[in-house]
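Single-structure report; data block below.
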Amino acid sequence: MLELTAQHSQELLHDREKQTILIVDDEGVIRDLCKRVLNDYHIVEAGDGQEAYEIFLRGGIDVILTDVMMPRMDGIELLKKLKEREPTMVVIIMTGFADKDLILKALKADADDFITKPLNLLQLKSAISKALVKKALKEEIANLRNLDRFKTVFLSLISHKFRTPITSISLFLQNLAAGVIDPSDEGAKEHIKLIYNEACYLGNLVTDLLTFSSVMDSGVGLNLEPCTLNLLLPKLLQEAQEIADRPGVTTHITLDNVPELMLDRDKVSFAVRQVIDNAIKFSKETGVVCVTLRNLEDQCEITVQDNGIGIPTEQLPKLFEKFYQVDEEHTGQVRGFGLGLFYVREFIRMHGGTVSIDSEENVGTRVVITLPSKTSQSP
């Protein structure tokens, strides 16, 4: 039986021209027959529902073709668990003509198609082809729904972020025009300073909007070009937006000699810039932000570490979610839109890299970005 090992998973990721079919049946002869007929696809086999579900969780499966009557976990239970985990997964049930009750149960569990036993080989190939088309349509519909939800939440968030500073500025100007505020009064000068800060806050929000608009419109692909991280990282640290507002925070950079890599300069710059800005923003009044570049055997490693306020342990799993923001002062008014780390992870993953965050409250935060050297070199 062909098992979906870690090495096999990597092969699937690098060769997605062939879709992957998971065949689930406790009879080896049935699996072997299906494998011979479906020789245009990557084939993965499982002898029961439990084994199939474990393989599915590792990823890389396009269509699942499963029998119903199996030990440990039957096909109907497998179908239910698959649909709960990934509603767009396409599952074809193999069953006999007389299994009307089973067909009804499978339909209720959202089975996508049926293949009758004994197997008709032409029908099998046709069902798989239709299933792949159906999967593509399902994913497209799901993406459109997610995009629509994203726009709705984003517009609501923008309205919320802009409302408070605009209201403050508007009320101040109304009172000033009505003569309620004397510009020469010491108290008024303090109010003017606060309003100026609100105007700056609005300006920063507009800058963030333009940045994320550019990110969202940049397309899903990578625009690879030669990139020298030893030159790029000092430039990003020097241009960090947050450093001007934190005069008590110093920066330090340590660089290994990393060879030139083929990277999407804009996407990698965006990712590293976001991490550096967060490290400075969440530092204490005085602190140090350290950026380190290491050249490892088959990858390079970028580490950004601060000794700031840290992040509560329970919040760490949520940091890469869209719109999630750490509100350390519990004010409900956190600058930005909570999209930075989401796109950091997306862009680094597109390069075949990883992002990890370790943090402890009142101790600091350490973010590690890895970029594989050999995959970065490919066009």
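On a predicted model such as this, the values are computed, not experimentally measured, just so you know.
S283 is listed as a side-chain neighbour of V289, based on a closest heavy-atom distance under 4.5 Å. T292 places none of its side-chain heavy atoms less than 4.5 Å from the side chain of Q305. Within the 4.5 Å cutoff, side-chain heavy atoms of N278 are placed close to those of L341. The side-chain heavy atoms of L82 and F56, taken from C-beta on, include a pair separated by under 4.5 Å. For the pair S269/L236, a side-chain contact is recorded, criterion being any heavy-atom separation below 4.5 Å from C-beta on. Side-chain contact check for N295 versus N257: every heavy-atom pair is 4.5 Å or farther apart. Taking 4.5 Å as the limit, every side-chain heavy atom of D266 sits out of range of all side-chain heavy atoms of F347. Considering only heavy atoms from C-beta on, L229 comes within 4.5 Å of L263 through its side chain.
Checked for salt-bridge contact, D32 and R36 meet the test: a charged N lies under 4.0 Å from a carboxylate O.
Partner of I276 under the side chain to side chain contact (heavy atoms under 4.5 Å, CB included) criterion, chosen from T251, L233, V304: V304. L65 pairs with exactly one of D25, V91, L22, I92 by the side chain to side chain contact (heavy atoms under 4.5 Å, CB included) rule, that one being I92.
With rounding to the nearest 0.5 Å, the separation of NZ in K267 from NE2 in H351 is 8.0 Å. Distance check: L78 CG to Y53 OH gives 9.0 Å after rounding to the nearest 0.5 Å. Note: E27 CD to L33 CG = 11.0 Å, rounded to the nearest 0.5 Å. Separation of atoms CZ (R31) and CD1 (I43) is listed at 12.0 Å; rounding is to 0.5 Å. The CG atom of D26 sits 9.5 Å away from atom OG1 of T66, with the distance rounded to the nearest 0.5 Å. Here CG of L124 is found 8.0 Å from CE of M94. Values are rounded to the nearest 0.5 Å.
Across every non-hydrogen atom of S373 and C300, the tightest pair is OG-N, 4.0 Å. Of all heavy-atom pairs spanning E285 and R246, the tightest one is N-NH2, 3.9 Å. The heavy-atom pair separating A46 from I55 by the smallest distance is CB-CD1, 4.1 Å. Closest non-hydrogen pair, I195 versus S168, comes out as CD1-O, 3.6 Å. Of all non-hydrogen atoms in G308 and K284, the two that sit nearest each other are O-CE, 3.6 Å.
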Checklist line | side chain to side chain contact (heavy atoms under 4.5 Å, CB included) evaluation trace for N230 with L293 | finding: CA-CA 8 Å; N230 295 71; L293 174 64; 3.8 Å; yes

Next item on the list: Show your reasoning for whether side chain to side chain contact (heavy atoms under 4.5 Å, CB included) applies to D264 and M350.
Entry: CA-CA 10 Å; D264 187 314; M350 289 171 71; over 6 Å; no

Note to self: Run the side chain to side chain contact (heavy atoms under 4.5 Å, CB included) test on I169 and L202 for me, step by step, so that the C-alpha distance in whole Å, both residues' side-chain angles and the decisive distance to 0.1 Å come before the verdict.
What the structure shows: CA-CA 10 Å; I169 294 171; L202 280 176; 3.8 Å; yes

Checklist line | Verdict with supporting geometry, M89 and I64, side chain to side chain contact (heavy atoms under 4.5 Å, CB included) | finding: CA-CA 8 Å; M89 175 56 65; I64 295 177; 4.2 Å; yes

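Heavy-atom neighbours of K83 NZ from other residues, nucleotides or ligands within 6.0 Å: above the threshold of 12. More than 12 heavy atoms of other shown residues, nucleotides or ligands fall within 6.0 angstrom of atom CZ in R72. Within a 6.0 Å radius of CE in M69, other residues, nucleotides and ligands contribute 12 heavy atoms or fewer.
With sequence neighbours excluded, no residue forms a ring-ring contact (aromatic ring centres under 6.0 Å, His included) with Y41. Shown here are the side chain to side chain donor-acceptor pair (under 3.5 Å) partners of K134, two or more places apart in sequence or in another chain: D112. Here E346 pairs with nothing under the salt bridge (Lys or Arg N to Asp or Glu O under 4.0 Å) rule; sequence neighbours left out.
A continuous path of Ile, Leu, Val, Met, Phe, Trp and Tyr side chains, each step under 4.5 Å between heavy atoms, connects L132 with I115, placing both in one hydrophobic cluster. Under the 4.5 Å side-chain contact rule for hydrophobic residues, V368 and V291 do not share a cluster. Cluster membership check: L255 does not share its hydrophobic cluster with V288, using side-chain heavy-atom separations under 4.5 Å among Ile, Leu, Val, Met, Phe, Trp and Tyr. Hydrophobic clustering (side-chain heavy atoms under 4.5 Å, transitive across Ile, Leu, Val, Met, Phe, Trp, Tyr) keeps I192 apart from L194. Both V44 and L57 are members of a single hydrophobic cluster when ILVMFWY side chains are connected at heavy-atom separations under 4.5 Å.
Checked by atom type and distance alone, the side chain of N307 never pairs as donor or acceptor with a backbone atom of G364 at under 3.5 Å. Using a distance-only test at 3.5 Å, with no hydrogens or angles considered, no donor-acceptor pair links the side chain of E77 to the main chain of M73. Checked by atom type and distance alone, the side chain of R294 never pairs as donor or acceptor with a backbone atom of Q299 at under 3.5 Å.
Between the side chains of T370 and T354, a donor-acceptor pair is found at a separation under 3.5 Å.
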